[in-house]
Each structure stands twice: as structure tokens, then as C-alpha cells.
Protein chains: 2
Amino acid sequence: MPARRNSAHLFAALGDQTRLRLVRRLCDDGPMSITRLTAGSRVTRQAITKHLRVMEGAGLVCSTRHGRESVWHLDARRVDEARTYLERISRQWDAALARLQKFVEE
Amino acid sequence: MPARRNSAHLFAALGDQTRLRLVRRLCDDGPMSITRLTAGSRVTRQAITKHLRVMEGAGLVCSTRHGRESVWHLDARRVDEARTYLERISRQWDAALARLQKFVEE
DNA sequence: TTAACATGCAACCTGGGGGTTGCATGAATA
DNA sequence: TATTCATGCAACCCCCAGGTTGCATGTTAA
């Protein structure tokens, strides 16, 4: 289980339709098992499992075992990290533009 | 130039180290040309160009031609879209957890 | 204790992403 | 005008992400 926890991996984990759908699903209905996550999806249970593992590697989700099923849930802190990252980007960009503006005017 | 403007493509465009480095570069020093973006990078100018196109497809950056060089700049609005998306996810998740909590307690 | 159910593991297939090289073309400058 | 410089285009390569199928294992319920 190689932990891929930098920003690029985090965004990459969000950069897939199937995975975003999983995130949505978890957000709407809370933690749930793999088979339940698979129900309603056009894709195999195995595919879902792989996607969950990818997101787990990025720290986006994790699972706890309950009897024969494993229940997956989101890690909102990690989502916030991504959000904060983008916020910094955005601010930095505004600053760069301001500097440029000032430079041009002189 | 197929426009790939949904959330998945947006995050995918951010989900690569080289591309994130480009974003950083643009944020730090403002708009700049391809060769300048390539300078200091370990990869070819062509690779950089491809990455820029990917990000352009996602609406993250765009270019304007100045004589023989094309100057690329970030589109902060798109960054904010991603940020907002994550914010909604985060809130939704908290709500789902609250509902679950209430359900368990009954 | 059997049968149904939820998951894990492994092998396999395919397309496209990330990268390179070589050459062509239009702009700038000496 | 001849030459350098910034970019575009196209072909090519390799690897891995996304997906499937088949079978094995552990858990629950009849």
C-alpha cells in the first residue's frame, strides 16, 4: 500500500468520473459497503474496488471491516487540504497579476 | 480542441506533478512564454506544450500570441470552481455524517 | 452444516497519457 | 536578406490506469 499523499496524487484521485461519482455517493448517503456502492453503477465491483484503493492511497477515503463487508467513508480533512491548496493558488495568482500590473504601469 | 470542462477533467488536469509545477510557476511569476516555462524543467518543450494544451482543454489556462511567442496565463475563475466544488463536497459530507449520527442514536 | 453472500486475489486486455525526436514554418534581429 | 529564435506538427515508444473474468476465502443465515 504505497502512500501517495502529495497534491498531484490527491487531485489525480479526484480526476476520474467514476471516482467522483463514488465521492458524491458517499457524500449523499454516508458510509457504505462496496456492493452497495457498486449497485447502480455500470461498472464491475472489481473496478469500484480498484478506484476505492486509489482514493485510499491518496488519503481521500478509508474502510473499516464489519463482519463480511467493508464499509468505506470519506476523509473530509483531505478534501479540505485540496481546497486550501487551490485557495492558495488563487491568491498567489492575484498577487502575481497585481505585481505585473504595477510593473506595466511604470 | 475538444473542450473537456467537467469537474473530473478539471481535477485530472491538476493531477500531474509536471502540470502542478507549471501552475506554481505561473502563479509565482505571472504569465510567460513556453520556452520560459520550459527553462528549468527537466522535460522537453514539447512535453510542456502538451501539458499546457491539456490544461487549456480543462479551462485552467489559455494563451495569447505575442509576435513569435505565445504567452500563457492561468484562469483563476476555473481554479475557484474547483475550490467551490470541494467546499460543497465537504459540507455535504458533514451533513451526511450528522444524519447518520442522529439515525444511530434513535 | 450448507448455501448464499461480500470480498480478495490474480491474470489478462486495451487505450491513451507522458515523453521523445525530427522537421517545417513564421517572426525578429544583425 | 540571412540567420537565429519560438513555436507547431507528426510519428513514434512505453507503461500503466481502467476495466473485465474466474476462482478462492471468509461470514452469515437457513
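Note on naming: letters A, B, ... go to the chains in the order of the sequence lines (proteins, then strands), and numbering restarts at 1 for each one.
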Hey, are the side chains of B/L26 and B/L37 touching, using non-hydrogen atoms and a 4.5 Å cut-off?
yes
Residues in residues 13-47 of chain B with a heavy atom under 4.0 Å of DNA chain D, by number, are B/S33, B/I34, B/T35, B/R45, B/Q46
Would you call the rings of A/F11 and B/F11 parallel, tilted or perpendicular if under 30° counts as parallel and over 60° as perpendicular?
parallel
Report yes if the side chains of A/V79 and B/W93 come closer than 4.5 Å at any heavy-atom pair, otherwise no.
no
Mark yes or no for whether A/R91, through its side chain, and A/D94, through its backbone, hold a donor-acceptor pair below 3.5 Å.
no
Testing the basics here: between A/G30 and B/A96, what is the closest heavy-atom pair and its distance to 0.1 Å?
N-CB, 3.9 Å
B/E81 side, atom CD; B/R5 side, atom CZ - distance, nearest 0.5 Å:
9.0 Å
Here the gap from B/I34 atom CD1 to B/Q46 atom CD, rounded to the nearest 0.5 Å, amounts to 8.5 Å
Side-chain donor or acceptor of B/R19 paired with backbone N/O of B/A13 under 3.5 Å
yes
In residues 67-74 of chain B, which residues come under 4.0 Å of DNA chain D by heavy atom?
B/R68, B/E69, B/S70
For B/R53 and A/H51, take the nucleotide of DNA chain D holding the closest heavy atom to each; which residue's nucleotide lies nearer the 5' end?
B/R53
Do A/T64 and A/S70 come within less than 4.5 Å of each other through their side chains, counting heavy atoms only?
no
Give the first and the last nucleotide of DNA chain C, reading 5' to 3', that has any atom under 4.0 Å from a heavy atom of chain B.
C/dG18 to C/dA28
State, yes or no, whether a side-chain contact exists between A/L86 and A/R83 at a heavy-atom distance under 4.5 Å.
no
